[in-house]
2 protein chains.
Amino acid sequence: MIHIATIKEVAKYANVSVATVSRVINKKGYVQKETQTKVEEAIKALNYRPNNVARSLFKKQSKMIGYIVPDITNPFFPQLVRAVEDVTVAQGYTTFLCNSDDNLEKELMYLNKMAENYIDGVIIVSNHMNESHLANLQIPVVALDRVFHESIPSVTIDNYQEARRAVMHLVENGCEKIAHISGPENIINSQLRKKAYQDVMMALERPVYISEGHYQMKTAQEATFRLLHEQKDIDAIFTGNDVMAVGALKACTKLGINVPKELQIIGFDGIEWTETVSPEITTIAQPIYEMGKKAATMLLNRINGKEEGQDHIVFPTELKIRETTTH
Amino acid sequence: MIHIATIKEVAKYANVSVATVSRVINKKGYVQKETQTKVEEAIKALNYRPNNVARSLFKKQSKMIGYIVPDITNPFFPQLVRAVEDVTVAQGYTTFLCNSDDNLEKELMYLNKMAENYIDGVIIVSNHMNESHLANLQIPVVALDRVFHESIPSVTIDNYQEARRAVMHLVENGCEKIAHISGPENIINSQLRKKAYQDVMMALERPVYISEGHYQMKTAQEATFRLLHEQKDIDAIFTGNDVMAVGALKACTKLGINVPKELQIIGFDGIEWTETVSPEITTIAQPIYEMGKKAATMLLNRINGKEEGQDHIVFPTELKIRETTTH
DNA sequence: TAAATTTGTGTAAACGGTTACAGATGAGTG
DNA sequence: CACTCATCTGTAACCGTTTACACAAATTTA
């Protein structure tokens with residue numbers, strides 16, 4: 001059993017007071033060159049590492065930040081994590097990731113645990129959270145992917161407009177009967193994307209074909225089967241996210257439908273999956289890395305008391321034309 | 001600015017000592033029914049939540065456990081995370097995930113941060129770690145996916161034997177010229193899988209065709225192009241992991257090769273991707289959820305001082321025959 | 001050269017909990 | 001009825017840091 005040295009032991013070893021050791025560690029306050037060397041030697045000799053729990057207790061901050069995401073299965077997040085770390089590690093923060101299973105209770109549980117541990121800030125991706133849940137929390141928060149409330153800074157894209165763009169891409173490609181596989185009813189972004197589809201169809205006086213795909217591959221596949229069974233002449237599908245686009249594509253492959261010649265598909269999000277399948281899927285790509293970077297920067301600024309003027313950042317997306325649409 | 005109540009304030013409000021409040025919180029020691037109610041009311045009135053930092057400092061444990069994984073992009077991990085949480089949350093632990101980018105330095109950094117924060121235990125998936133790095137750490141550790149050292153408990157599969165099984169599956173399907181797309185040289189599991197391939201080929205006196213795919217889709221795709229360019233009559237590929245199998249499949253699709261009629265493919269790991277593509281990929285599936293659950297249980301046992309007899313668990317895998325092999 | 005300032009160091013009080021210990025009360029026992 | 005023992009509560013030390021404050025020595029300033 002190896003003993004972990006404390007600041008007291010370092011002080012005794014170096015023949016100084018704990019205050020002096022603390023000064024050396026934090027490079028703060030006056031300390032003579034000679035004393036400093038003595039202390040540094042003691043630290044090395046005893047293999048001392050400051051205890052962050054004690055430090056956090058006194059300072060009421062931990063140099064840790066957390067993020068809560070609904071489902072790390074979603075290939076959206078790895079990139080996000082990398083972006084956030086690239087920003088925060090450089091400033092001495094450690095980041096921890098938590099998986100909420102898209103479950104409000106779990107989200108609040110994690111939020112509470114974080115507060116109890118003096119986590120300095122949190123980046124949250126959540127479909128259920130609103131500002132009332134954050135009101136009596138002391139932690140700076142940045143919302144990603146969705147706006148919680150005017151008072152809580154956010155980093156998002158314009159789901160409605162970008163979804164319109166997706167649908168318009170199909171229209172411009174000459175598609176006549178365009179269908180939509182929608183995401184869950186209770187997720188606002190999913191509703192915005194659906195509304196965009198409906199509005200475009202309405203404006204063009206075209207019929208609307210919607211089937212619910214729950215943001216998942218398997219269910220989207222089934223939804224596609226249903227759709228194509230009822231309406232055989234559908235020649236394009238806009239799916240509410242990329243995962244469902246993969247499902248739709250699989251359904252077409254199984255039915256022997258040539259994509260994109262007979263039917264075109266466009267997804268939404270820009271996750272990696274769209275490039276692993278054949279044909280590769282055309283999609284509206286969110287600048288995930290950039291969004292993560294921005295969110296992290298905003299959070300750090302909040303933590304350090306530098307409030308930013310612009311608090312609700314909306315990023316542009318990129319239409320990535322690949323192999324499931326003709327141009 | 002809302003004030004966060006401390007135990008002292010609760011004590012004053014309830015007209016008792018802090019010790020009594022502590023007893024109520026922890027349901028430990030004697031406390032009169034009536035007093036308990038008083039305290040509970042005070043807790044509710046002040047919206048008190050115990051501060052875990054202070055608690056950790058005294059108890060030298062935090063009720064937090066961490067895992068370090070090389071790359072959350074790897075679809076292997078989400079399932080693992082879920083498994084671990086299912087076990088640990090039930091016992092009051094909070095889990096935090098860290099991404100090491102397959103980088104030893106980052107792994108050690110996280111390990112240190114965890115130690116500094118009295119994290120109670122860690123599950124590590126790492127290609128670089130060995131016991132010397134863990135020796136002067138006080139934290140119970142369980143290794144997943146790879147054995148670090150005899151002294152460090154682990155949960156793994158038998159990479160060599162299971163890889164043999166994969167190759168034998170191709171042999172039994174009547175494949176004549178079987179190639180291998182290998183993973184990185186410095187990863188032991190990747191080497192074991194490669195060795196298994198070589199040994200089977202050797203035993204059957206067949207030629208060996210190996211191309212390096214670095215565990216990645218894009219590079220595996222290129223490796224497949226190279227391979228098929230040099231040896232046109234290859235009729236089967238065993239890839240060192242599933243991600244590379246997806247790459248190999250894409251290469252075949254692009255070359256107009258019919259899978260599985262002209263060429264069969266088998267992967268390794270059992271990640272979700274293998275089911276998102278068409279045809280779905282045959283693979284050796286690791287029981288990821290079970291492995292995570294076991295690892296978590298072992299870790300918790302270690303944390304609670306209940307050492308288990310069996311410290312190196314080797315799980316069986318399942319050969320999932322899908323659409324890229326004939327039977 | 002006295003006063004003011006800078007430099008260097010130590011003492012002790014926080015931070016917010018837990019728990020060993022002591023003391024008080026009341027019930028049970030021989 | 002004295003004694004033991006379970007029940008209930010409070011006091012204070014402790015966990016490992018940081019930092020306000022005090023004090024002394026060295027240096028600068030007038």
Side-chain angles (χ1 to χ4, degrees), chain A residues 3-40 42-43 46-64 92 112-120 138, chain B residues 3-40 42-43 46-64 92 112-120 138:
Chain A
H3 178 73
I4 290 181
T6 68
I7 200 172
K8 235 175 257 174
E9 295 166 305
V10 174
K12 182 179 276 181
Y13 189 100
N15 239 303
V16 296
S17 74
V18 291
T20 302
V21 177
S22 180
R23 284 185 200 107
V24 172
I25 296 165
N26 300 299
K27 305 184 197 324
K28 211 177 190 180
Y30 296 114
V31 41
Q32 216 170 334
K33 199 85 203 160
E34 207 178 320
T35 320
Q36 185 186 328
T37 327
K38 251 195 329 187
V39 171
E40 277 163 355
I43 287 174
L46 299 178
N47 192 24
Y48 169 74
R49 303 231 48 184
N51 177 320
N52 196 51
V53 175
R55 184 177 278 174
S56 299
L57 179 59
F58 187 89
K59 311 243 292 184
K60 294 176 191 293
Q61 48 144 300
S62 60
K63 281 280 181 181
M64 303 190 288
N112 267 321
K113 293 292 178 192
M114 288 180 178
E116 287 167 20
N117 285 286
Y118 284 144
I119 291 259
D120 295 341
Q138 296 301 70
Chain B
H3 178 72
I4 290 182
T6 68
I7 199 173
K8 234 173 258 175
E9 294 166 303
V10 174
K12 182 178 277 183
Y13 189 101
N15 240 304
V16 297
S17 73
V18 292
T20 303
V21 177
S22 181
R23 284 187 200 104
V24 171
I25 296 166
N26 300 298
K27 305 185 199 320
K28 211 177 189 180
Y30 297 114
V31 41
Q32 217 169 334
K33 199 85 203 158
E34 206 180 321
T35 319
Q36 185 185 327
T37 326
K38 252 195 328 188
V39 172
E40 278 163 355
I43 287 175
L46 300 178
N47 192 25
Y48 170 74
R49 302 231 50 186
N51 177 320
N52 196 50
V53 175
R55 184 178 275 171
S56 299
L57 180 59
F58 187 88
K59 311 243 292 186
K60 292 176 191 295
Q61 47 144 305
S62 61
K63 281 281 182 179
M64 303 190 286
N112 268 321
K113 293 292 177 191
M114 288 179 177
E116 287 167 20
N117 285 287
Y118 285 144
I119 291 261
D120 295 341
Q138 297 300 71

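Below, chain A is the first sequence line, B the second, and so on; all start at residue 1.
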Original post:
A:Ala19 has a side chain; which of D:dT17, C:dT18, C:dG10 sits nearest to it?
Top reply: C:dG10

**OP:** Go through A:Lys60 and A:Tyr118 one step at a time and tell me if the side chain to side chain contact (heavy atoms under 4.5 Å, CB included) criterion holds.
**Re:** CA-CA 6 Å; A:Lys60 294 176 191 293; A:Tyr118 284 144; 3.8 Å; yes

Original post:
How many angstroms lie between atom CG of A:Asn26 and atom CZ of A:Arg55, to the nearest 0.5 angstrom?
Top reply: 5.0 Å

Original post:
Does B:Thr35 have a side-chain nitrogen or oxygen under 4.0 Å from the phosphate oxygens OP1 or OP2 of D:dT9?
Top reply: yes

**OP:** Tell me which of B:Gln32 and B:Ala54 sits closer to the 5' end of DNA chain D, going by the nucleotide each one is nearest to.
**Re:** B:Gln32

**OP:** Determine the contact category for A:Thr6: base if any of its heavy atoms lies under 4.0 Å from a base atom, sugar-phosphate if only primed atoms, P, OP1 or OP2 are that close, otherwise nothing.
**Re:** sugar-phosphate

**OP:** Rounded to the nearest angstrom, tell me the gap between atom CG in B:Asn117 and atom C1' in D:dC15.
**Re:** 15 Å

**OP:** Taking only the side-chain heavy atoms of A:Lys60 (C-beta and beyond), determine which of C:dG17, C:dG16, D:dT9 contains the nearest atom.
**Re:** C:dG16

Original post:
Does a distance-only test, which skips hydrogens and angles, find a donor-acceptor pair under 3.5 Å between the side chain of A:Arg23 and the base of C:dG10?
Top reply: yes

Original post:
What is the distance from CD of A:Glu34 to C1' of C:dG8, rounded to the nearest Å?
Top reply: 12 Å

**OP:** Let me know the distance between CD1 of A:Ile25 and P of D:dT17, rounded to the nearest Å.
**Re:** 7 Å

Subject >> Residue pair B:Val31 / B:Val24: nearest heavy atoms and the distance that separates them >> reply: CG2-CG2, 4.0 Å

Original post:
Which listed nucleotide (C:dG16, D:dT19, D:dT17) is nearest to the side chain of A:Pro50?
Top reply: D:dT17

Original post:
A:Ser56 near the nucleic acid: base, sugar-phosphate alone, or nothing, with a heavy-atom cut-off under 4.0 Å?
Top reply: nothing

Subject >> Nucleotide nearest B:Phe58 (side chain, heavy atoms from C-beta), chosen from C:dT9, C:dT19, D:dT17 >> reply: C:dT19

Original post:
Atom CD1 of A:Ile7 to atom P of C:dC15: distance rounded to whole Å?
Top reply: 19 Å

**OP:** Give me the bend of the helix from C:dT1-D:dA30 to C:dG30-D:dC1, using the axes of the five pairs at each end, rounded to 10°.
**Re:** 40°

Subject >> Euclidean distance, atom NZ of residue B:Lys12 to atom C1' of C:dG16 [Å, nearest integer] >> reply: 15 Å

Original post:
For A:Tyr118 and C:dG17, is the shortest distance between a side-chain N/O and OP1 or OP2 below 4.0 Å?
Top reply: no

**OP:** Give the rounded distance in Å between these two atoms: CG of B:Leu57 and P of D:dT18.
**Re:** 12 Å

Original post:
Whole Å only: how far is the NZ atom of A:Lys8 from the C1' atom of D:dT18?
Top reply: 13 Å

Subject >> Minimum-distance nucleotide (side-chain atoms of B:Val16 versus C:dT19, C:dG16, D:dG10) >> reply: D:dG10

Subject >> Reported CG-to-CG distance for the pair A:Asn117 and B:Asn117, which is rounded to 0.5 angstrom >> reply: 8.0 Å

**OP:** By nearest nucleotide on DNA chain C, pick out whichever of B:Val53 and A:Tyr30 is the more 5' one.
**Re:** A:Tyr30

**OP:** Would you name the heavy atoms of A:Tyr30 and A:Arg23 that are closest together and state the gap between them?
**Re:** O-CD, 3.6 Å

Original post:
Within less than 4.0 Å of OP1 or OP2 of D:dT18, is there a side-chain N or O belonging to A:Ser22?
Top reply: yes

Original post:
NA contact type, B:Thr20, heavy-atom cut-off 4.0 Å: base, sugar-phosphate, or nothing?
Top reply: sugar-phosphate

Subject >> Any A:Lys59 side-chain nitrogen or oxygen under 4.0 Å from OP1 or OP2 of D:dT17 >> reply: no

Original post:
In whole angstroms, how far is the P atom of D:dT17 from the CZ atom of A:Arg55?
Top reply: 8 Å

**OP:** Quick one: closest heavy-atom pair of A:Met64 and A:Ile119, and the distance?
**Re:** O-CG2, 3.5 Å

Original post:
Would you say B:Ser62's side chain and B:Ser56's backbone share a donor-acceptor pair under 3.5 angstrom?
Top reply: no

Original post:
Which atom names give the shortest non-hydrogen contact between A:Lys8 and A:Val18, and what distance separates them?
Top reply: CA-CG1, 3.8 Å

**OP:** Would you classify B:Asn52 as touching base, sugar-phosphate or nothing, given that sugar-phosphate means primed atoms plus P, OP1 and OP2, and contacts are heavy atoms under 4.0 Å?
**Re:** nothing

Subject >> Closest contact, heavy atoms only, B:Gln61 versus B:Asp120 >> reply: CB-OD1, 3.1 Å

